[in-house]
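Take a look at the structure below.
Sequential numbering from 1 along the given sequence is applied to the chain's residues.
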Amino acid sequence: MTSVQYGAGVALVYDRMFADPTPTEMTVQSLTPYVRGRDVVELGVGTGRIAVPLAGEARSITGVDNSPDMLRTFREKGVPPNVTLVEADFRDPVPGRPGQRFDAAYSTLGSMACCLTRDDLRTALGHVRNVLHPGAVFCMEYYARELYLEVIRLTGGTMSTSLPGGEQMHTRLAVDPDTDIMTATTDVRAGNETTSFAEQVLLLDSAEIAKLLRVAGFGAVHVAGGPEQPFIWYIAETPAQHPERTESTP
């Protein structure tokens, strides 16, 4: 288990960073066919941006996150009765009852990219696969490597955005070519107050992500996303029959 990236600073501004309802509605619409009437697990549930609207579709949602601050914000907003929040790191085995299986799993906004090595990511993907029923689907949204590299090339890695309420968000991006880790340093300014935080993610291309999913034990992997979208969707199916295996090598 590694350190928590999304602490109090992120939890304080997270919902305002993603206040535009359109991306959330699109994500919920895309996930609904996979979760409707099913028991599902979300990896990186955060403040409930996706879990809350999906709770009306799923039979149950288990939301996993390793940040107590993000989960506290979720609880303060109100947790739907069919949502269970679990403070845990998905780089460790996904918690649950012995032998528990889910009908589907999902992870949005590149949460799985918080695994900062390929080995950690492969292991985490294996943990997800191990708690899914045979034939279940894992929907994973992951950073689009080529787009972020192009943004850094064109802008020098500096971006500014206006948030609701007049706040200004300034983000600086940099990629270490030796590790493929992208660091994003963000300042959110409201008047004389500034909230700062940094995050690191593993920036891999779609072919490698698809390969890691297959190595982790998933079968068919469908890749969806245009060249100008910041995230790519991976729809990975578990085989109809599969052994439990998390330490495979490519």
For residues 47-57, please give each side-chain donor-acceptor pair under 3.5 Å, one per line with the distance, not counting sequence neighbours.
unit_1 : atom_1 : unit_2 : atom_2 : d
T47    : OG1    : D15    : OD1    : 2.7
R49    : NH1    : T24    : OG1    : 2.9
E57    : OE1    : R36    : NE     : 3.2

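- By the side-chain contact (heavy atoms from CB on, under 4.5 Å) test, V131 pairs with V94, F102, sequence neighbours left out.
- The hydrophobic clustering, which links ILVMFWY residues whose side-chain heavy atoms are closer than 4.5 Å, places V28 and F231 apart.
- Residue V40 is not grouped with residue V128 when hydrophobic side chains (ILVMFWY) are merged at heavy-atom distances under 4.5 angstrom, including chains of intermediate members.
- Within the 4.5 Å cutoff, no side-chain heavy atoms of S107 are placed close to those of F90.
- No side-chain heavy atom of I209 sits less than 4.5 Å from a side-chain heavy atom of D205.
- For A184, the side-chain contact (heavy atoms from CB on, under 4.5 Å) test picks out T171, L173, E199, with sequence neighbours left out.
- With sequence neighbours left out, the side chain to side chain donor-acceptor pair (under 3.5 Å) criterion links R118 to D180, E208.
- For residues 149-161, every residue pair satisfying the salt bridge (charged side-chain N to carboxylate O under 4.0 Å, His left out) rule, not counting sequence neighbours, is listed here: E150-R153.
- For R172, the side chain to side chain donor-acceptor pair (under 3.5 Å) partners two or more places apart in sequence, or in a different chain, are D187.
- Take F138 and apply the ring pair (Phe, Tyr, Trp, His ring centres under 6.0 Å) test, not counting sequence neighbours, and it matches F218.
- Hydrophobic clustering (ILVMFWY, side-chain heavy atoms < 4.5 Å, transitive): V86 and V35 are in distinct clusters.
- Closest approach of L125 to A216, counting heavy atoms only: CB-CB, 3.7 Å.
- Each salt bridge (charged side-chain N to carboxylate O under 4.0 Å, His left out) pair with one or both residues in residues 103-117, not counting sequence neighbours, appears once here: R59-D103.
- Looking at T194 and V188, their side chains never come closer than 4.5 Å, going by heavy atoms from C-beta outward.
- Annotation: side chain of V45 is in contact with side chain of L85 (closest heavy-atom distance under 4.5 Å).
- Contact check for I235 versus M140: no side-chain heavy atoms found under the 4.5 Å cut-off.
- E167 places none of its side-chain heavy atoms less than 4.5 Å from the side chain of R189.
- No single ILVMFWY cluster, assembled from side-chain heavy atoms under 4.5 Å apart, contains both W233 and L132.
- Residues satisfying the side chain to side chain donor-acceptor pair (under 3.5 Å) criterion with Y106, sequence neighbours excluded, are E42.
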S60 and D39: side chain to side chain donor-acceptor pair (under 3.5 Å), yes or no, with the steps?
-> CA-CA 5 Å; S60 72; D39 297 314; 2.6 Å; yes

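- T183 is linked by a side chain to side chain donor-acceptor pair (under 3.5 Å) to Q200, counting only residues two or more places apart in sequence or in another chain.
- In this structure, the side chains of E87 and N66 stay at 4.5 Å or more apart for every pair of heavy atoms.
- In this view, Y148 and Y143 satisfy the ring pair (Phe, Tyr, Trp, His ring centres under 6.0 Å) rule, not counting sequence neighbours.
- Looking at S160 and Q168, their side chains never bring a donor and an acceptor atom within 3.5 Å of each other.
- Linking ILVMFWY side-chain heavy atoms closer than 4.5 Å, directly or via other members, places L109 and F74 in two distinct hydrophobic clusters.
- T179 pairs by the side-chain contact (heavy atoms from CB on, under 4.5 Å) definition with D176, I181, not counting sequence neighbours.
- Annotation for A58 and N82: closest pair O-ND2, 3.1 Å, computed over non-hydrogen atoms.
- A donor-acceptor distance shorter than 3.5 angstrom exists from the side chain of T238 to the backbone of G135, with no hydrogens or angles considered.
- Under the 4.5 Å side-chain criterion, counting only non-hydrogen atoms from C-beta, Y234 is not in contact with H222.
- Here NE2 of H127 is found 10.5 Å from CG of L43. Values are rounded to the nearest 0.5 Å.
- Scanning both residues, S30 and P33, for their nearest heavy atoms gives O-CD, 3.4 Å.
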